[in-house]
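Contents: one structure, followed by commentary.
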Amino acid sequence: VKNTSTFKSEHEYFHVNAIDIERYNYIKHSLSRAISNNELYIELQPQYDATKNVISSEVLLRWKHPHMGTVSPSEFIPIAEENDFIAELGLWVCNEACGLLSECQSNKINTKLSVNISAKHLARADFVSKFVAIVNKWRVSHKNLTLELTEGALIRGVSVIQRRVRELAEQGFSLSIDDFGLGDSNLNYLQDLPITELKVDRVFVEAMEGSQQKTLLVTSICNMAKALHINTVAEGIETTGQLDQAKACGCGAFQGYYLDKPMSVGDWKSKISEKQYKEGI
Ligand code: C2E
Ligand code: MG
Ligand code: MG
Ligand code: MG
């Protein structure tokens, strides 16, 4: 039976048929046990400056279900957000990230990590206290953590999010706007909020090839960011051409498959201990 209906959720989980609803419910059900079943793990993807120093690494959540196999975070994060698991997942990731940073600190390796934070999680009244409790439990220096937030969250602008951003900045954390350029343009918040980084979305990086207009756009974004003392990261760099172009546009940092694919914790530790590593920016 093709029982078609539409989820009117914030993330618009697609126009779905019965099979998709079944998968949605299966994921929802399985996700509630993913932590206790040890099905979650993280991967890391380094971000480089223009001289190929690692300046930070993005922590990416992974889920390997015993029957479905690897499920993409693009699929399960929205489901977690809609079903109130997102805080639990977010804090789990934070704990993994801080454990890793703590290990690096013990080994005298000075490095930074960036974690993705869902707006739904950030909006919760207990976000800052719980997040900081984990960071402090591991004795991780706040300046070594960047929180990546999507632009939409800030624009939809609810004042609670803006308040959280200020609280976190006061605590010494860095704040990054992920997927920059995808949302509705409202640049006010860039000036008003203590944002330290913009991540220029992959669609712009891709579109720059063969489009002088898009190249101009990215150059303007980088110039504007510079004027506001905000760093820029070009995400989704897949070719040497894209890297060169992003550099020419004035982007300060680069992340993407061409530089490194997201890697296991083990591979990341080997990479980060290599002597070539220096602290950038
Ligand atoms: P994002 O934060 O924008 O992360 C970047 C995504 O682009 C990652 O996908 C990464 O694997 C992918 N990527 C990196 N370089 C390239 C490239 O050169 N080409 C292409 N095509 N893709 C590249 P991933 O890991 O599937 O994550 C997707 C999204 O899921 C993330 O987008 C983020 O929004 C969300 N996510 C991942 N982990 C977490 C988490 O721990 N918490 C929250 N709230 N969201 C997360
Ligand atoms: Mg991100
Ligand atoms: Mg992104
Ligand atoms: Mg993205």
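Along the sequence shown, residues are numbered consecutively beginning with 1. Read the numbers this way: they start at 1 and go in the same order the structure lists the ligands and their atoms.
Ligand 1 has no atom lying under 4.0 Å from any heavy atom of Gly90.
Within the 4.5 Å cutoff, the side chain of Ile109 has heavy atoms near those of the Ser273 side chain. Counting heavy atoms from C-beta on, the side chains of Leu122 and Val160 never come closer than 4.5 Å.
Interface of Ser74 with ligand 1, defined as ligand atoms under 4.0 Å from a residue heavy atom, comprises 28 (C). Every atom of ligand 1 is numbered from 1 in the order shown, and the set under 4.0 Å from a heavy atom of Ile237 is 18 (O). The Pro262 neighbourhood of ligand 1 comprises atoms 11 (O), with distances under 4.0 Å to a heavy atom of that residue. Atoms of ligand 1 lying under 4.0 Å from at least one heavy atom of Ser118, given by number and element, are 44 (N). The ligand atoms of ligand 1 that sit less than 4.0 angstrom from a heavy atom of Gln45 are 14 (C), 15 (N). For ligand 1, the atoms lying closer than 4.0 Å to a non-hydrogen atom of Arg62 are 11 (O), 24 (P), 25 (O).
Using a 4.0 Å cut-off between heavy atoms, Ile77 contacts ligand 1 through its side chain alone, with no backbone atom that close. Here Gln255 has no heavy atoms under 4.0 Å from ligand 1, in either its backbone or its side chain. The side chain of Val93, and not its backbone, has at least one atom closer than 4.0 Å to an atom of ligand 1 (non-hydrogen atoms only; side chain from C-beta on). With a 4.0 Å cut-off on non-hydrogen atoms, Arg202 touches ligand 1 through its side chain and not its backbone.
Salt-bridge annotation for Glu75 and Arg23: present, with a side-chain N of the basic residue lying under 4.0 Å from a carboxylate O of the acidic one. Arg33 and Glu39 are not joined by a salt bridge, as no carboxylate oxygen comes within less than 4.0 angstrom of a charged side-chain nitrogen. Residues Lys120 and Asp84 are not paired through a salt bridge, judged by the lack of any N-O separation under 4.0 Å between the basic side chain and the carboxylate. Between Lys214 and Glu209 there is no salt bridge, since no side-chain N of the basic residue sits under 4.0 Å from a carboxylate O of the acidic one.
Partner of Val135 under the side-chain contact (heavy atoms from CB on, under 4.5 Å) criterion, chosen from Ser141, Ser102, Cys98: Cys98. For the side-chain contact (heavy atoms from CB on, under 4.5 Å) criterion with Ile117, the lone passing option out of Asp178, Thr150, Leu147 is Leu147.
The backbone N or O of Ala123 lies less than 3.5 Å from a partner atom in the side chain of Arg164, making a donor-acceptor pair.
When Glu58, His121, Glu96, Glu43 are checked for heavy-atom proximity to atom 5 (C) of ligand 1, Glu58 turns out nearest. When Tyr258, Tyr257, Phe254 are checked for heavy-atom proximity to atom 12 (C) of ligand 1, Tyr257 turns out nearest. Checking Glu148, Lys120, Glu238 against atom 19 (N) of ligand 1, the nearest heavy atom belongs to Glu238. Counting only non-hydrogen atoms, the option in Asp178, Asp201, Thr239 that gets closest to atom 2 (O) of ligand 1 is Asp178.
To the nearest 10 degrees, the Mg ion (ligand 2) sees OE2 of Glu58 and OE1 of Glu148 at an angle of 90°. Centred on the Mg ion (ligand 3), the angle running from Glu235 (OE1) to Asp178 (OD1) is recorded as 100°, rounding to 10°.
Nearest N, O or S atom of Asp179 to the Mg ion (ligand 3): atom OD1.
Judged as a salt bridge (charged side-chain N to carboxylate O under 4.0 Å, His left out), and not counting sequence neighbours, the contacts of Arg124 are Asp126.
Not a single N/O/S atom of Ser114, whether from backbone or side chain, sits less than 2.8 Å from the Mg ion (ligand 2).
Around the NZ atom of Lys64, the shell of radius 6.0 Å holds no more than 12 heavy atoms that belong to other residues, nucleotides or ligands.
Ring pair Phe76/Trp63 is perpendicular by interplanar angle, where above 60° counts as perpendicular and below 30° as parallel.
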